[in-house]
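One structure below.
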There are 2 protein chains.
Amino acid sequence: MILDQKDSKFEVNHQCPYMLFHFKDQFPELEPFLEKYRSYQQRLDVGAKTILLEEGKVSGQYVFIEKGCVRLFFNNDGLDKTVQFFFEHEGLTSLESFVGNVPSAFTIETIEPSVIYLLPKKYVIELIDDLSREPQFFKMIMSIFAQRQSHYINEFVSFIRDTPEQRYLKLLTDRPHIIQRVAQHYIASYLGVSTVHLSRIKSKLAKGNAHF
Amino acid sequence: MILDQKDSKFEVNHQCPYMLFHFKDQFPELEPFLEKYRSYQQRLDVGAKTILLEEGKVSGQYVFIEKGCVRLFFNNDGLDKTVQFFFEHEGLTSLESFVGNVPSAFTIETIEPSVIYLLPKKYVIELIDDLSREPQFFKMIMSIFAQRQSHYINEFVSFIRDTPEQRYLKLLTDRPHIIQRVAQHYIASYLGVSTVHLSRIKSKLAKGNAHF
DNA sequence: CAGGAACGATAACATTTGTTATCAAGTTTA
DNA sequence: TAAACTTGATAACAAATGTTATCGTTCCTG
């Protein structure tokens with residue numbers, strides 16, 4: 001199944017896709033501002049492998065995950081390459097597409113049966129406009145961006161520094177829920193290795209840990 | 001030679017290290033705001049391999065390159081791993097360290113004789129404070145962050161998608177000045193391969209292009 | 001319930017990449 | 001200027017990783 005349709009334009013040059021939910025978690029004092037926009041969200045109860053935004057389409061919705069799991073990926077020579085996983089209470093969109101009204105380089109797809117909320121872009125603009133009058137707003141925006149940027153730098157540095165095995169171990173340590181919930185071939189492409197090699201890595205680690 | 005000393009605290013949770021110069025290039029109407037702070041910068045005329053910020057130290061300066069070339073790297077098991085190169089009219093700092101007052105994970109070092117300007121953190125704070133009253137400011141900040149985030153996502157995705165040879169070719173196409181000016185072993189570590197392998201890649205490409 | 005698809009393990013082999021060592025040319029420095 | 005260091009190329013070998021194929025299991029779907 002494929003969802004998401006084009007929407008109104010988004011003139012302001014800001015990018016803040018994670019906003020609604022970071023707000024909720026990190027800045028509870030702004031709850032009243034969010035309440036109004038919750039009602040504009042469209043609730044979806046969908047199965048696994050539902051496409052929320054298709055590569056090449058312009059993103060017109062901000063996606064919030066209430067339940068389930070979603071991945072961001074792109075197609076390369078016919079093969080999926082997963083960029084990131086998202087879970088309960090996280091929000092996402094295809095950033096460049098959402099901000100710049102350009103075709104998305106990525107597809108967004110559920111990988112579990114999920115409950116999703118979509119907020120059309122025009123309400124995101126309205127919300128930002130409302131919030132920008134709040135003194136706390138600037139600080140929030142910065143905090144959110146700092147986290148995002150830090151995340152991507154770390155992902156990038158990990159490829160320069162670590163072997164695939166080390167990246168797998170780090171994932172196991174830092175974000176074990178990903179390994180528990182996500183199919184292995186998605187994780188392989190996220191780690192930048194073939195499915196066969198990830199299988200080898202796991203098998204090697206299992207042997208090393210077998211003390212019985 | 002090693003420079004940069006600790007400085008005053010930086011309470012505001014914003015991160016915007018590239019500010020002064022993006023402002024200048026992209027938002028010329030704000031030139032008057034910047035003029036004042038130019039005079040607070042410390043000018044340095046230094047040789048190659050001058051360390052502007054040492055791994056483990058807290059960054060207290062924002063670095064602007066007037067002339068020359070700088071790299072951001074970290075040490076991994078005794079080996080340098082280069083994360084990024086910076087050239088004329090670019091600004092940088094060790095982001096997390098500058099913002100969070102924590103030890104820097106990276107070293108900043110000139111790789112050519114360079115003319116550098118350093119702006120102490122307290123003036124950066126003051127500058128942001130001044131500017132935050134400007135209506136254009138929010139847009140600027142967002143634009144700068146969007147560019148940064150997009151850059152790091154692309155770097156990261158490139159490791160998932162491309163072979164080292166493809167990454168080298170992309171560098172050759174998109175940012176040839178890097179290959180022209182930067183020593184090959186720095187480029188190798190930036191591409192995530194050994195110096196020997198980068199040499200092999202070049203040699204293979206040279207053979208493929210030899211039509212004489 | 002049956003058939004097919006999706007998923008993961010494994011083997012065998014090919015290719016890529018790393019490691020170590022050597023050499024030559026260019027740079028820096030005492 | 002001579003010695004020492006830096007840089008880059010190359011060879012030989014080792015290790016890591018990809019590719020293709022097979023198999024068994026699970027899961028989905030009609």
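Computed from a prediction, not measured in an experiment: that's the story for all the values here. Just so we're on the same page: letters track the sequence lines, and every chain starts at 1.
Out of D/dT10, C/dC7, D/dG18, the shortest distance to the side chain of A/H197 is found at D/dG18. When each of C/dT10, C/dT17, C/dT20 is scored by its nearest atom to the side-chain atoms of A/V196, the top-ranked nucleotide is C/dT10. You'll find that the side chain of A/S203 is closest to C/dT10, out of D/dT7, C/dT10, D/dT17. For A/H185, counting side-chain heavy atoms from C-beta on, the closest listed nucleotide (D/dA11, C/dG8, D/dA9) is C/dG8. Of all nucleotides listed (C/dC7, C/dT17, C/dT19), C/dT19 comes nearest to the side chain of B/S194.
Between the NZ atom of B/K49 and the P atom of D/dT7 there is a distance of 4 Å, rounded to whole Å. Here the P atom of nucleotide D/dA16 and the CD atom of A/E165 are 9 Å apart, to the nearest Å. To the nearest angstrom, P of D/dG18 lies 10 Å from CG of A/L198. Atom CD1 of B/I111 and atom P of C/dT27 are 16 Å apart (whole Å). To the nearest angstrom, C1' of D/dT6 lies 9 Å from OH of B/Y186. The CG-P distance, from A/D77 to D/dT19, rounds to 10 Å in whole Å. Atom OH of B/Y168 and atom C1' of C/dT16 are 18 Å apart (whole Å). The separation between B/L205 atom CG and C/dT16 atom P is 13 Å, rounded to whole Å.
No hydrogens or angles were tested; on distance alone, a donor-acceptor pair under 3.5 Å links the side chain of A/R200 to the base of D/dG18.
For A/P164 and B/K202, each mapped to the nucleotide of DNA chain D holding its nearest heavy atom, the one lying further toward the 5' end belongs to B/K202.
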Worksheet entry | Contact state string [nucleotides 25-30 of chain D, B base, S sugar-phosphate only, - no protein heavy atom under 4.0 Å] | ------
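Ring planes of A/H177 and A/F87: perpendicular class, angle over 60° (limits at 30 and 60°).
With hydrogens and angles disregarded, no donor-acceptor distance shorter than 3.5 Å links the side chain of B/K49 to the backbone of B/E109. Formation of a donor-acceptor pair under 3.5 Å by the B/T93 side chain with backbone atoms of B/L95 is not found in this model. For B/E88 (side chain) and B/G68 (main-chain N/O), a donor-acceptor pair under 3.5 Å exists by modelled atom type.
Looking at B/Y152 and B/Q84, their side chains do bring a donor and an acceptor atom within 3.5 Å of each other. Looking at A/Y190 and A/E155, their side chains do bring a donor and an acceptor atom within 3.5 Å of each other.
Phosphate proximity of D/dA9 to B/Q184: present, with a side-chain N or O under 4.0 Å from OP1 or OP2.
Contact annotation for A/V193: backbone-only contact, meaning every heavy-atom pair under 4.0 Å involves sugar-phosphate atoms and none involves a base.
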Fill in: B/F156/A/F156 under ring pair (Phe, Tyr, Trp, His ring centres under 6.0 Å): CA gap, chis, key distance, verdict
CA-CA 4 Å; B/F156 158 47; A/F156 158 47; 8.6 Å; no
